[in-house]
Amino acid sequence: TNKLMGLATGDNEEVRPAQILAAADARGYVPPVSTGWPKLDEAMSGSEGTGYGGFHYYEGDMWVVGAPSGHGKSTFGCNIAVNLVKQGLASLYITWEMAKEELMRRMLCNLGDFSYSVAFDLTKGNEAERQRRVESAQTLDAFVRIYAKPQTPEEVQAVVRRHKME
């Protein structure tokens, strides 16, 4: 089922534009999800004369980011995940390159606004930083799931299904 469109579709089932519009009319307005970066949201939505055709992200969408190593995919993904958490939305993060622990450390630092050294060493930082680390870890635990290196499309599909059930 496509949550946004309200359509039950199989993998190879044809969906016609009239069906999509009828389902959209039946469900009413669904607000897009913010990336957490107003300028990016604005550029992608087609507002302010950017020329883009009204592209938005919606709850339940899958975002795939690809680029060579070292081009900021993990930083971008971690920031998006934390920005979604700040909106009370869950995230599923699948990684093929970076260790799960490193991704969690980056998310903790971003969400809790404390130094990198505090992320996995409670003897570092002041009491306020240590408290923010504990609170950030609890928040991330409630909203974020990280999976590393599924090898086949079927494994990715299984991870997505498992995440939807949680």
Side-chain angles (χ1 to χ4, degrees), residues 2-5 30-126 128-166:
N2 183 311
K3 202 161 120 180
L4 175 64
M5 293 181 195
V30 175
V33 173
S34 172
T35 63
W37 294 310
K39 289 288 186 188
L40 180 59
D41 293 339
E42 183 180 291
M44 295 179 76
S45 72
S47 61
E48 297 299 317
T50 58
Y52 291 99
F55 181 76
H56 296 281
Y57 291 119
Y58 293 93
E59 188 175 352
D61 282 356
M62 181 168 78
W63 307 352
V64 178
V65 179
S69 294
H71 281 74
K73 297 179 303 295
S74 297
T75 299
F76 179 74
C78 285
N79 280 293
I80 292 285
V82 167
N83 290 341
L84 292 173
V85 166
K86 289 176 180 178
Q87 297 173 66
L89 299 170
S91 290
L92 169 64
Y93 194 113
I94 300 175
T95 179
W96 278 270
E97 292 179 9
M98 190 169 286
K100 293 187 291 186
E101 294 79 10
E102 179 61 21
L103 289 167
M104 187 57 64
R105 180 177 288 154
R106 289 176 180 206
M107 288 182 198
L108 280 169
C109 293
N110 186 326
L111 184 61
D113 191 31
F114 50 78
S115 68
Y116 192 78
S117 63
V118 175
F120 282 95
D121 187 350
L122 282 177
T123 65
K124 307 262 180 172
N126 60 42
E129 286 179 315
R130 290 191 293 273
Q131 182 60 36
R132 285 196 309 271
R133 177 215 181 256
V134 170
E135 291 167 359
S136 296
Q138 291 169 342
T139 300
L140 289 176
D141 188 57
F143 287 101
V144 177
R145 298 293 176 264
I146 300 174
Y147 295 89
K149 301 180 182 169
Q151 300 299 311
T152 66
E154 292 77 20
E155 288 176 1
V156 171
Q157 190 174 36
V159 166
V160 171
R161 271 198 212 108
R162 187 167 49 243
H163 181 67
K164 284 182 177 181
M165 289 189 281
E166 291 184 359

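These numbers come from a predicted model, not from an experiment.
For Glu155, the side-chain contact (heavy atoms from CB on, under 4.5 Å) criterion is met by Pro150, Gln151, Thr152, not counting sequence neighbours. For Asn83, there are no side-chain hydrogen bond (donor to acceptor under 3.5 Å, both in side chains) partners at least two apart in sequence or on another chain. Partners of Thr95 according to the side-chain hydrogen bond (donor to acceptor under 3.5 Å, both in side chains) rule, which considers only residues two or more places apart in sequence or in another chain, do not exist here. With sequence neighbours left out, Glu101 forms a side-chain hydrogen bond (donor to acceptor under 3.5 Å, both in side chains) with no residue at all. Judged as a side-chain hydrogen bond (donor to acceptor under 3.5 Å, both in side chains), and not counting sequence neighbours, Asn126 has no contacts. Residues meeting the ring pair (Phe, Tyr, Trp, His ring centres under 6.0 Å) test with Phe76, sequence neighbours left out: Trp37.
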Show me the donor-acceptor pairs, under 3.5 Å and distance only, between side chains in residues 103-113 and residues at least two apart or in other chains.
unit_1	atom_1	unit_2	atom_2	d
Arg106	NE	Glu102	OE2	3.2
Arg106	NH1	Thr75	OG1	3.3
Asn110	ND2	Asn79	OD1	2.2

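When every heavy atom of Phe114 is checked against every heavy atom of Arg133, the shortest pair comes out as CE2-CA, 3.3 Å. Shortest non-hydrogen contact noted between Asp41 and Gly36 is OD2-N, 4.0 Å. Of all heavy-atom pairs between His71 and Ala67, the closest is CB-CB, 4.0 Å.
Distance check: Trp96 CH2 to Ser69 OG gives 13.5 Å after rounding to the nearest 0.5 Å. Rounded to the nearest 0.5 Å, atoms CD1 (Ile94) and CD1 (Ile146) are 11.5 Å apart.
Looking only at distances, no side-chain donor or acceptor of Arg145 sits under 3.5 Å from a matching main-chain atom of Leu92. Here the side chain of Gln87 pairs a donor or acceptor atom with the backbone of Ser34 at under 3.5 angstrom.
Listed by first and then second residue, the salt bridge (Lys or Arg N to Asp or Glu O under 4.0 Å) pairs involving residues 68-91 are Lys73-Glu97 (not counting sequence neighbours).
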